[in-house]
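Structure first, then comments.
Numbering of ligands and ligand atoms starts at 1, following listing order.
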Amino acid sequence: MDIKSEIDLDKLPRHVAVIMDGNGRWAKQHGKPRVFGHKNGVRAVRETTEAAAELGIEYLTLYAFSTENWKRPKLEVSALMTLLVETLHQELSTLLKNDVRLNAIGAVEKLPAATYETLLKSIESTRNNQRMTLNLALNYSGKWDILQATRTIAHKVANATIRPEDIDDELIAKYLSTAGMPDPELLIRTSGESRISNFLLWQMAYTELYFTPVFWPDFGKSDLYQAIVAYQQRERRFGKTSDQLLP
Ligand code: IPE
Ligand code: IPE
Ligand code: MG
């Protein structure tokens, strides 16, 4: 049976997060430099975004560049930043056609100026789109997110706009970069690695984790469908017993 038809559209995750990993190894497999893998990863970004929007997923968050990725060779970092600019230019029409709103999470103001400006322009051009929000995590890390929220809250406590006793789960979530969005129900990581790598730490407290050996450039629509089918077969207990979940 076609995998897409196995998806229960009434039980879709509202928010899917993806750690797009394995570009370098994919390139190596093809006897090419790492950057060749990144370039080929763009097709997977386009297909995944389109498939998610077509299904009716509300938020798709893609981990594109972590705080730790600055430690990579200079040439690879600058190639990634240039690729991002090119991709944003190239994909803008597809985002508009698919009614996808672009958003960024992370310390994006610290990206190279050309990347930052192109990013802001693309976000601005798509701001009225309704079908899905595509979050690009850029210069992002989960610890950074919690830290920046903590700092903002601390300032508000210092100037007495928030009382320490008002700080709860909900208030913290309001100051994270994902404010107003549901936590991801599903995380997909490609390339066979089984780790979180400082992605959405607070937001993934109860996320279902799905690891696939597929390298990111080979990831396609059917891989997304397969991850969603696997997610729908899981029992999400949130601390309760299985019996308590029966209707
Ligand atoms: C993911 O692929 C892309 C980024 C982190 C920017 P990698 O570049 O990490 O590929 P591998 O893990 O080295 O194969
Ligand atoms: C995680 O991939 C970051 C992104 C996908 C942007 P990495 O390839 O950087 O992760 P580690 O360092 O192997 O954990
Ligand atoms: Mg990697």
Handout entry: Non-hydrogen atom of E193 closer than 4.0 Å to ligand 2
Key =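 No heavy atom of E193 comes that close to ligand 2.
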
Practice task
Would you confirm whether any non-hydrogen atom of the protein falls under 4.0 Å from atom 12 (O) of ligand 2?
Solution key: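 For atom 12 (O) of ligand 2 the answer is no, since every protein heavy atom stays at 4.0 Å or beyond.
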
Practice task
Flag the pair R127 and E124 as a salt bridge only when some basic side-chain nitrogen lies within less than 4.0 angstrom of an acidic carboxylate oxygen.
Solution key: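 Between E124 and R127 there is a salt bridge, with a charged N closer than 4.0 Å to a carboxylate O.
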
Exercise for the section: Could you tell me whether E47 and K221 have a side-chain N and a carboxylate O separated by less than 4.0 Å? Expected result: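 Between K221 and E47 there is no salt bridge, as every charged N stays at least 4.0 Å from the carboxylate O atoms.
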
Would you say the side-chain atoms of [X] and [Y] include a donor-acceptor pair closer than 3.5 Å?
X	Y	result
W202	D169	no
D145	S177	yes
T94	R46	no
T241	D243	no

Mutual orientation of the aromatic rings belonging to [X] and [Y] [parallel < 30°, tilted 30-60°, perpendicular > 60°]:
X	Y	result
F219	W216	parallel
Y63	F199	parallel
Y59	H15	tilted

Handout entry: Under 3.5 Å: N/O of N23 near N/O of ligand 1
Key =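 Yes - when backbone and side-chain N and O of N23 are compared with those of ligand 1, one distance drops under 3.5 Å.
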
Exercise for the section: Check the surroundings of atom CD in E170: do more than 12 heavy atoms from other residues, nucleotides or ligands lie under 6.0 Å from it? Expected result: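 No, because the 6.0 Å sphere around CD of E170 holds 12 heavy atoms or fewer from other groups.
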
Exercise for the section: Assess whether atom CG of L75 is packed by more than 12 heavy atoms of other residues, nucleotides or ligands within 6.0 Å. Expected result: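 No, because the 6.0 Å sphere around CG of L75 holds 12 heavy atoms or fewer from other groups.
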
Problem - Which segment of R34 sits under 4.0 Å of ligand 1 when only heavy atoms are counted - result: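 The part of R34 near ligand 1 is the side chain, not the backbone.
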
Problem - I19, N69, T67, V18: member with heavy atom nearest to atom 9 (O) of ligand 2 - result: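 Going through I19, N69, T67, V18 one by one, N69 has the nearest heavy atom to atom 9 (O) of ligand 2.
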
Handout entry: Closest candidate by heavy atom, reference atom 2 (O) of ligand 2, pool R189, R25, M20, E68
Key =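 Checking each option, the heavy atom nearest atom 2 (O) of ligand 2 is found in R189.
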
Handout entry: Q203 and its side-chain hydrogen bond (donor to acceptor under 3.5 Å, both in side chains) partner, picked from T178, D183, T61
Key =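 In the set T178, D183, T61, the residue that makes a side-chain hydrogen bond (donor to acceptor under 3.5 Å, both in side chains) with Q203 is T178.
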
Take every heavy atom of [X], measure it against each atom of ligand 1, and state whether any distance is under 4.0 Å.
X	answer
R72	yes
G22	yes
A64	yes

Practice task
Please write down residue, atom name and distance for the protein heavy atom closest to atom 10 (O) of ligand 1.
Solution key: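 Protein heavy atom with the smallest distance to atom 10 (O) of ligand 1: G24 N, 2.9 Å.
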
Exercise for the section: Give me the protein N, O or S atoms that fall under 2.8 Å of the Mg ion (ligand 3), sorted by chain and residue number. Expected result: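 Counting only protein N, O or S atoms under 2.8 Å from the Mg ion (ligand 3), the list reads D21 OD1.
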
Exercise for the section: Could you list which atoms of ligand 2 come closer than 4.0 Å to a heavy atom of F65? Expected result: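 Every atom of ligand 2 under 4.0 Å from some heavy atom of F65: 6 (C).
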
Handout entry: Enumerated ligand 2 atoms positioned under 4.0 Å from heavy atoms of R195
Key =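 Taking each heavy atom of R195 in turn, ligand 2 has 11 (P), 13 (O), 14 (O) under 4.0 Å.
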
